[in-house]
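Report on the structure given below.
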Amino acid sequence: MRKIKRMKEYNPKEIEAKRRRIWDQKKAWRVDLKKATKPYYNLMMFPYPSAEGLHIGNMYAFTGSDIYGRFQRLRGNDVFEPMGFDSFGIHSENFAIKQGTHPKEQTAKSIKHFTEQLKSMGALFDWEHSVTTSEPEYYKWTQWLFLQLYKAGLAYRAKAPVDWCPSCKTVLADEQVIQRKCERCGTEVIQRGMEQWFFRITKYADRLLKNLDTIDWSERTKTVQRNWIGKTEGATIIFALENSKQTIEVFTTRPDTLYGATFVVLAPEHPFVSSLPHSKEIHEYVEKTKQKTELERKAEGKEKTAVFSGLYAINPLNNEKLPIWIADYALMGYGTGALFGDAHDERDVEFAKKYNIPLKTTVVTGDKEKDKKILNLEECFTGYGTLVDSGPFTGLSSKEAIIKVIEWLVAKKRGSKRTTYHLRDWLISRQRYWGPPIPIIYCDKCGTVPVSEKNLPVKLPNVKDFRPTGTDKSPLATVASFVNTKCPNCKGKARRETDVSDTFLDSAWYFLRYPSANDKKQAFDKSLTKKWLPVNMYIGGQEHAVLHLLYARFITMVLRDLKFTEFQEPFAKFRAHGLLIRDGKKISKSRGNVINPDEYIEKYGADTVRTYLMFLGPLSEGGDWNGKGIIGIYRFLNRVWALAQKTKIAEQDSKLETLRHRTIKKVTEDMENLRYNTAIAALMEYSNALSQADSISKEQIKTLLILLAPFMPFVTEELWQQLGNKESVHDQKWPTYNPALVQEEMMRLVLQVNGKVRDVVGAPTGITEEEAKKLALSNIQIQKWLAGKDPKRIIFVPKRLINIVI
RNA sequence: GCCCUCGUGGUGAAAUGGCAAACACGGUAGGUUUAGGACCUACUGCCGAAAGGUUUGGAGGUUCAAGUCCUCCCGAGGGCACCA
């Protein structure tokens, strides 16, 4: 009876259903968060449950992360691997609009479908600690978080030029505008002056930058964040106005060129411009520029436009009179919104030429030919060089001059060192429906009043027409019962804020909620948080480098400053996974090349799909799914299955033992570095060797199953049980290797002549240089190539080769 | 324009400066099978009958030895961008 059962064929569908049932019953993924002694928080980026179902790209990312979690568990850690849903926000809302259903219904439906799919992939997800950002139990605490920032003076409302997406009908954060287009829908954004809520992330710019050196993240991701924060060192220079007490502050990274300044440019939005005596020409220019859309500006091909203000500034260095122009190539959002123009900046030169403003060379290279052109203004030199025609600074190098000019400015109180950042404050209000209402009340008497914490959550009302209005207001503004409220202060009539917060606020703290997911009294439990955070390993998409990952770091720093937590950085280790493509092309609905994971799981089982996805290439590089190769993995599983049915399990063979130890070493190292593709290859070699062997030991097959368990959780468990083991394969100890056994006794010694391989011979691994030389020089092939000549030099590389140079 | 990553067989890809193409897919031949599929064995970068030569986007360089390090160029992908 037993024998018949053992001989049965590999049937993934049956096995996976059975194993899932048993694991669910036993709650095999459960970890006691309070009692765990070796906490290991393995996090992956929770999905937006907005699409028709789990995308193969989601599965790729989750599998990569789950394998790492399973590996850590086998190494004896108490692994906490939660999963949840980022269900609030524009993604889910847009999908609901498209489907013609209410977001609330649609989200519930999507989550149900997603959960089913997620359960089929065989991950360690702890379903008792899941979060759904659109549930009041969750967003209550998102609102609480907003209030903490408000109280700390880090949330403020201000009127500012903001980016508005005409298609999504809401304002967007700076980070959500890519190439002046909406990150979600690709529509060109319009700049509008609107009063909006911001988080003061710029206050943390320096810390966000400096801390990057302390965390173990993919270097690529760090670079993107560094660039986004965009620290620039420079100086501000105070220009006095001619015949006036007023001054203008200008930002520059090149104070060494100040001596050669010939004009000053102000951004049209610069406050000084509006204070100018109103000439019609200036007024018209400013109005025209403001109305220009980005599209029109682009169509003009960056052609600079300007108007002369009629005023002059005085260069503090040499008292020269500089005309002040108003031009849209000066940007209010950068530096001080004002700049000085000189001959060592291409944009300045282009501008000066168009408006016939004189220029003056003050920096040269030292190359005579080149300098001739530079001095004649035939060529624009923007690099560092030596100063000429610069009064007391003449002869200095640019670098010296920068220091000296700043010293001079500071001494004369005409300027100072200054650092600016590309990073802007985080615009978090949205004129949409599907998000957490911002917990603020406006009272005519008391002004802006925060909702009291005990009255949270401010529940999102059920609105029939939830579509964006296109006005400056969220659909919530149309719900009188929501808007009209009492002032928490004076109990008088008051109005609620009707905007909701950005989805990225929901996801900026979800990892803090997971361990405390069922805590009704607080956002996160102090002792649980201390025990489990920061996250040990976070694997996710590189596309979130400047959005989610930056916001999460910011929120974590704020919470630490407010003494809620004790750590500055949320994710100790972060690794970005690559993109899964198909036949060399991006996978997208519009291309019609989407892959439905369900189909493949149905056909081959989740074990095969997981392993195939990881076999495509290194996780960090992504992979190219062409679907054909999946059969190779399926065959591999079948071979492993057949191998475990092998009855000839007997004594150990030393050759296989060497391979076993080598495989353990290779796989362990590859797992650590997320090089799953080569780990799988090594396991295939090991498995193939076992298949071909006459007899294999129990230890050898056990090693195979444990090493394979993170990749193929179902079939390894099934085979483990078939071998008569009572415990789960996933509760075993990761095998260790003996370094002494990794090395084979005999090796292949490569014999080279002048760097070319002429023969390969067997030799003892520990062969000495002398012995190797003898061996090589007596070799017939080598003698043939030496042709009687004496070697000039012999290079011996132990355990590898000997190279004879003639 | 600036910054980052990457270019290796028919395909996905391997390779601490030390035998290029591991592991797979596909292909060819053979075996097995009532047939199909599945499975098993051998071969499979290119030129060559063989000996041998040759090959990692291109051109140089360093080195006994370069896919790997350096310089320039070409191409692909990503990020930033009138950022002073």
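Letters A, B, ... mirror the listed sequences (proteins, then strands); counts begin at 1.
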Distance test, side-chain N/O of A/Lys222 to OP1/OP2 of B/C3, below 4.0 Å: no

Whole-angstrom distance between B/A38 and B/U5, as gauged at atom P: 44 Å

A/Lys181 vs B/A81: side-chain N/O to OP1/OP2 distance below 4.0 Å: no

Sugar-phosphate only, base, or nothing, as touched by A/Ile804 at under 4.0 Å among non-hydrogen atoms: nothing

Touch class at under 4.0 angstrom, heavy-atom based, for A/Ala682 against every strand present: nothing

Under 3.5 Å on both distances, the Watson-Crick or G-U partner of B/U56: none

Gap in Å between the two P atoms, one belonging to B/G57 and one to B/A20, rounded: 16 Å

RNA chain B: 5'-proximal contact among A/Arg675 and A/Val805 (nearest heavy atom): A/Arg675

Full working for salt bridge (charged side-chain N to carboxylate O under 4.0 Å, His left out) between A/Arg226 and A/Glu219: CA-CA 10 Å; A/Arg226 278 192 195 104; A/Glu219 214 39 56; 3.6 Å; yes

Phosphate OP1/OP2 of B/C80: any A/His422 side-chain N/O under 4.0 Å: no

C1' spacing across the pair B/G58 / B/G53, given as an integer number of angstrom: 22 Å

Rounded distance in Å - CD1 (A/Ile782) to C1' (B/C19): 13 Å

Any N/O pairs under 3.5 Å between the protein and nucleotides 53-55 of chain B? List them or say none.
| unit_1 | atom_1 | unit_2 | atom_2 | d |
| --- | --- | --- | --- | --- |
| B/G53 | OP1 | A/Arg758 | NH1 | 2.9 |
| B/G53 | OP1 | A/Arg758 | NH2 | 3.2 |
| B/G53 | OP2 | A/Arg758 | NH1 | 3.3 |
| B/U54 | OP2 | A/Lys756 | NZ | 2.9 |

Sugar-phosphate, base or nothing in reach of A/Asn803, heavy atoms under 4.0 Å: base

NZ or CZ of A/Arg553 within 45° of A/Trp228 ring axis and under 6.0 Å: no

Presence of A/Asn688 side-chain N/O under 4.0 Å of B/A24 phosphate oxygens OP1/OP2: yes

Syn or anti for B/G9 (syn when the glycosidic angle lies within 90° of 0): syn

Sugar-phosphate only, base, or nothing, as touched by A/Glu219 at under 4.0 Å among non-hydrogen atoms: nothing

Sugar-phosphate only, base, or nothing, as touched by A/Asn638 at under 4.0 Å among non-hydrogen atoms: nothing

Axial cation check for A/Tyr329 ring with A/Lys304, 6.0 Å and 45° limits: yes

Separation of the C1' atoms in B/U41 and B/G60, to the nearest angstrom: 48 Å

Check: A/Asp328 side chain, A/Pro268 main-chain N or O, donor-acceptor pair, under 3.5 Å: no

Distance test, side-chain N/O of A/Arg635 to OP1/OP2 of B/C39, below 4.0 Å: yes

Same-atom distance (C1') from B/U55 to B/A15, integer angstrom: 16 Å

Span that lies between the C1' atom of B/U62 and that of B/C72, in whole angstrom: 15 Å

N/O donor-acceptor pair, side chain A/Arg800 with base B/C19, under 3.5 angstrom: no

Sugar-phosphate only, base, or nothing, as touched by A/Phe615 at under 4.0 Å among non-hydrogen atoms: base

Nearest-nucleotide comparison on RNA chain B, the residue closer to the 5′ end among A/Asp174 and A/Asp345: A/Asp174

Inter-nucleotide P distance (B/A65, B/A14), Å rounded: 28 Å

B/G27 and B/G18, which share atom name C1', separated by this distance in whole Å: 33 Å

Backbone of A/Lys628 reached by a side-chain donor or acceptor of A/Asn626 within 3.5 Å: yes

B/C64 OP1/OP2 closer than 4.0 Å to side-chain N/O of A/Arg793: yes

Base paired to B/C39 (Watson-Crick or G-U; both N/O distances under 3.5 angstrom): B/G31

